[in-house]
Amino acid sequence: MEEGGSTGSAGSDSSTSGSGGAQQRELERMAEVLVTGEQLRLRLHEEKVIKDRRHHLKTYPNCFVAKELIDWLIEHKEASDRETAIKLMQKLADRGIIHHVCDEHKEFKDVKLFYRFRKDDGTFPLDNEVKAFMRGQRLYEKLMSPENTLLQPREEEGVKYERTFMASEFLDWLVQEGEATTRKEAEQLCHRLMEHGIIQHVSNKHPFVDSNLLYQFRMNFRRRRRLMELLNEKSPSSQETHDSPFCLRKQNHDNRKSTSFMSVSPSKEIKIVSAVRRSSMSSCGSSGYFSSSPTLSSSPPVLCNPKSVLKRPVTSEELLTPGAPYARKTFTIVGDAVGWGFVVRGSKPCHIQAVDPSGPAAAAGMKVCQFVVSVNGLNVLHVDYRTVSNLILTGPRTIVMEVMEELEC
């Protein structure tokens, strides 16, 4: 089990390891389904799969056709076949995330029936767990805004952790932001967030205390989920990756091998490249996947990225030398509900460190080892990745990027 996932009880009563552990795992599964469902809902709105539809002279707003959605899931490689697609959507139905528009069918069927996300018609059940989850998600997004500096790399008991907040400072922030009227109320909120598995002490040794102790959000709300993850019965925290939604972000060189994902290389082979996921900015000379939403922009430093994917250093002068073996390419990349899906690293020039195979950048043709020439018409050959990152994150959702790619001999 990954550290900080369900190790659960160091410093706590042993009675929490039984039913308490099962309850925690159930909370984690519920939160994963909520995030996965919301990411799917946003994508379907973007691609006009969800829209107002008419049947027998009646209009049903914000709904989708089950059969058409299954086609879409297979086309977008979210499901391998129709049977799997039905199972995935049934998972969302069982959790109350989607439902038949007239609530006449409990089962999700591969037919021309109208279904709708409950969030689109205001019927989503708000129990205590869901309320805590939504409150935690809102706080997480506020803390991840570019102007907020509360989340920082810090050290406790000789171990450095990423994206931490100090308990006392967090309470001050909650009051300042109007999330709580008093410090006592803020502390009660933190106890609830901890109880529902939203935050925890960095080494899982202490309850929430108004002190200089360090805490972290257990969930990476921004990680792009694959629908197939819904069929995995294991707790998300058991996945050996720092992109796992319920893990501590501990800076440890021994763990970096577990932060891998697949990226598309220029030679069309599939390589494994270690990197942080979208919307993350590394303090070690790399940016993570870029987020497209105005509320999901730049974020504080996270784990260090690996060494450059480049075989050798390349200068801007070399790229611009007449007759140099490089070809220019221009991509128009439209960010989806999660982001653009690529990693930039380096300086003068920056290069593409990794590409999410399922993201918009890969669909546009972007590959690793390409050098970034311009972003939205602005030449960036002589700047570092931070400038390029800021330019992308503060720009429009649709970006036009010019790159140079080495010609194959």
(request) Measure from the ring center of Phe108 to the ring center of Tyr115 and say whether it is less than 6.0 Å. (result)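 Ring-ring flag for Phe108/Tyr115: true, centres closer than 6.0 Å.
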(message) Counting the benzene-type ring for Trp, do Phe64 and Phe114 have ring centres under 6.0 Å apart?
(response)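 Between Phe64 and Phe114, the centre distance exceeds or equals 6.0 Å.
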Please check: side-chain N/O of [X] versus main-chain N/O of [Y], any donor-acceptor pairing under 3.5 Å?
X: Ser168; Y: Asn212; answer: no
X: Thr36; Y: Leu34; answer: no
X: Arg163; Y: Phe217; answer: no
X: Gln370; Y: Lys367; answer: yes
X: Thr164; Y: Gln152; answer: yes
X: Tyr60; Y: Lys51; answer: no
X: Glu156; Y: Leu214; answer: yes
X: Arg226; Y: Glu229; answer: no
X: His99; Y: Asp103; answer: no
X: Ser374; Y: Gly377; answer: no

(message) In terms of relative ring orientation, are Phe165 and Phe170 parallel, tilted or perpendicular, with 30° and 60° separating the classes?
(response)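 Rings of Phe165 and Phe170: tilted, 30 to 60°.
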May I ask you to test the [X]-[Y] pair for a side-chain heavy-atom distance under 4.5 Å?
X: Glu162; Y: Lys160; result: yes
X: Lys112; Y: Glu68; result: no
X: Tyr140; Y: Arg135; result: no
X: Ile97; Y: Phe117; result: yes
X: Ile98; Y: Met89; result: yes
X: Val368; Y: Phe342; result: no
X: Leu139; Y: Leu174; result: yes
X: Leu113; Y: Val65; result: no

I need the minimum non-hydrogen distance between [X] and [Y], along with the two atoms involved.
X: Leu319; Y: Ala324; answer: O-CB, 4.2 Å
X: Pro349; Y: Val314; answer: CD-O, 3.2 Å
X: Val334; Y: Pro360; answer: O-CB, 3.3 Å
X: Asn148; Y: Leu150; answer: OD1-N, 2.8 Å
X: Arg116; Y: Asp120; answer: CG-CB, 4.2 Å
X: Cys190; Y: Ile199; answer: O-CD1, 3.8 Å

Donor + acceptor pair across side chains of [X], [Y] (<3.5 Å):
X: Gln200; Y: Arg218; result: yes
X: Asn62; Y: His45; result: no
X: Tyr385; Y: Gln353; result: no

(request) Kindly determine whether Met401 and Met366 satisfy side chain to side chain contact (heavy atoms under 4.5 Å, CB included), including the steps that lead there. (result) CA-CA 9 Å; Met401 291 186 64; Met366 180 175 284; 3.8 Å; yes
Counting only heavy atoms from other residues, nucleotides and ligands, does the tally under 6.0 Å from [atom1] of [X] exceed 12?
X: Lys142; atom1: NZ; result: yes
X: Glu83; atom1: CD; result: no
X: Glu107; atom1: CD; result: no
X: His55; atom1: NE2; result: no

Interatomic distance, [X] atom [atom1] to [Y] atom [atom2] [nearest 0.5 angstrom]:
X: Ile50; Y: Arg53; atom1: CD1; atom2: CZ; result: 9.0 Å
X: Ile392; Y: Ile333; atom1: CD1; atom2: CD1; result: 8.0 Å
X: Glu406; Y: Tyr326; atom1: CD; atom2: OH; result: 4.5 Å
X: Leu227; Y: Leu88; atom1: CG; atom2: CG; result: 5.5 Å
X: Leu69; Y: Ile86; atom1: CG; atom2: CD1; result: 10.5 Å
X: Lys87; Y: Asp81; atom1: NZ; atom2: CG; result: 8.0 Å

(request) Check step by step if salt bridge (charged side-chain N to carboxylate O under 4.0 Å, His left out) holds for Glu38 and Arg41. (result) CA-CA 5 Å; Glu38 178 62 8; Arg41 185 183 74 88; 2.8 Å; yes
(request) Given side chain to side chain contact (heavy atoms under 4.5 Å, CB included), test Asn376 with Leu378 step by step and report yes or no. (result) CA-CA 6 Å; Asn376 294 331; Leu378 183 64; 6.0 Å; no
(request) Check the pair Glu402 / Arg328 against salt bridge (charged side-chain N to carboxylate O under 4.0 Å, His left out), numbers first and verdict last. (result) CA-CA 7 Å; Glu402 184 180 12; Arg328 289 186 182 239; 2.8 Å; yes
(request) Check step by step if side chain to side chain contact (heavy atoms under 4.5 Å, CB included) holds for Val372 and Ile352. (result) CA-CA 7 Å; Val372 184; Ile352 304 302; 3.8 Å; yes
(request) Carefully, step by step, assess Phe133 and His196 under the rule side chain to side chain contact (heavy atoms under 4.5 Å, CB included). (result) CA-CA 8 Å; Phe133 168 82; His196 291 285; over 6 Å; no
(message) Let's go through Trp72 and Glu78 carefully: what are the C-alpha distance in whole Å and the side-chain angles of both, what is the deciding distance for side chain to side chain donor-acceptor pair (under 3.5 Å) to 0.1 Å, and is it a yes or a no?
(response) CA-CA 8 Å; Trp72 185 91; Glu78 291 289 354; over 6 Å; no
(request) Assess whether salt bridge (charged side-chain N to carboxylate O under 4.0 Å, His left out) is satisfied between Arg183 and Asp172, documenting all intermediate values. (result) CA-CA 7 Å; Arg183 196 175 187 82; Asp172 292 336; 2.3 Å; yes
(request) Carefully, step by step, assess Glu179 and Arg138 under the rule salt bridge (charged side-chain N to carboxylate O under 4.0 Å, His left out). (result) CA-CA 10 Å; Glu179 295 288 345; Arg138 187 176 78 243; 2.8 Å; yes
